[in-house]
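Reviewing the structure listed below.
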Amino acid sequence: GQQVMQIPQYQHVQEGEDFTTYCNSSTTLSNIQWYKQRPGGHPVFLIQLVKSGEVKKQKRLTFQFGEAKKNSSLHITATQTTDVGTYFCAGPNYGGSQGNLIFGKGTKLSVKP
Amino acid sequence: EAQVTQNPRYLITVTGKKLTVTCSQNMNHEYMSWYRQDPGLGLRQIYYSMNVEVTDKGDVPEGYKVSRKEKRNFPLILESPSPNQTSLYFCASSLGRGITDTQYFGPGTRLTVL
């Protein structure tokens, strides 16, 4: 069945370093969403990408959707302790029914002050 | 305040004792969904509902039931809970189809089945 893979599973950085997480789908996606979950919290929507090659920025966060719409990345410039959490990508599950959403397993980011 | 609420937030129960986790949203959203989150497995969709009286299976529906009698409520029912259903459960809602719209998540319900 369709898979959404995220790498790395864990990333430990020093505050001020950059961070990137990658999301790869086994099938072409119509759109991809990114969520952030703080420790002990619930997932919070960050952004949705729809177009091939799309790049969107939110302050220090840069999101990219691949040309083939099978991969995406989230890059954080100059990490801060407030960036700590798990970042998930999610896309439509075409192997499922109409409203089925599939999440990657997430990348857990820790930031050392 | 726009929000998704879940109750209870924490629950410890025993195998076989029926339970219901409630989910309610005040945003007039059409789409609602239930997920479970387990270490190393991420978020997996259990059931979702595109509108009132319309529900469908997600990736891990076995052992769960849902109903959508009103737009705002989407309860998750475990008729005979088993220890492998010990997990963190999230309810979510979105205005349109969940796969193309922002999903708003509830605070989560931590369930332990002994």
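Each chain gets a letter, A, B and so on, in the order the sequences are listed, and its residues count up from 1.
Hydrophobic clustering, with ILVMFWY side chains joined whenever heavy atoms are under 4.5 angstrom apart, keeps B/L95 apart from B/Y48. Both B/V66 and B/Y89 belong to a common hydrophobic cluster when Ile, Leu, Val, Met, Phe, Trp and Tyr are linked at side-chain heavy-atom distances under 4.5 angstrom.
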If you look only at distance, which donor and acceptor atoms sit under 3.5 Å apart when one is on a side chain in residues 7-15 of chain A and the other is two or more places apart or in another chain?
from, atom 1, to, atom 2, distance (Å)
A/H12, ND1, A/S110, OG, 2.6
A/Q14, NE2, A/P113, O, 3.3

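Looking at B/D56 and A/N100, their side chains never bring a donor and an acceptor atom within 3.5 Å of each other. Checked by atom type, the side-chain pair B/Q37/A/Q37 shows a donor-acceptor distance below 3.5 Å.
When atom types are taken as modelled, the side chain of B/Q45 and the backbone of A/I102 share no donor-acceptor pair closer than 3.5 angstrom. Put simply, the side chain of A/Q33 gets close to the backbone of B/D101: a donor and an acceptor are under 3.5 Å apart.
Of all residues spanning residues 105-114 of chain B, those with a heavy atom less than 4.5 Å away from chain A's heavy atoms are B/F105, B/G106, B/P107, arranged by number.
Using a 4.5 Å cut-off between heavy atoms, B/Y47 does not touch chain A at all.
With a 6.0 Å radius and a threshold of 12 heavy atoms from other residues, nucleotides or ligands, B/I12 has its CD1 atom at or below the threshold. Atom CE of A/M5 has 12 or fewer neighbouring heavy atoms from other residues, nucleotides or ligands inside a 6.0 Å radius. Atom CZ of A/F45 has more than 12 neighbouring heavy atoms from other residues, nucleotides or ligands inside a 6.0 Å radius.
For the set B/G40, B/S49, B/S33, the entry with the most heavy-atom pairs within less than 4.5 Å of chain A is B/G40.
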>> Determine whether A/L101 and B/Q103 satisfy the following criterion, side-chain contact (heavy atoms from CB on, under 4.5 Å), listing intermediate values before the conclusion.
In response: CA-CA 11 Å; A/L101 194 64; B/Q103 285 200 84; 2.7 Å; yes
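When all heavy atoms of A/G41 and B/F90 are compared, the closest pair comes out as O-CZ, 3.7 Å.
In this structure, CG in A/L46 is found 10.0 Å from OG1 in B/T102, a value given to the nearest 0.5 Å.
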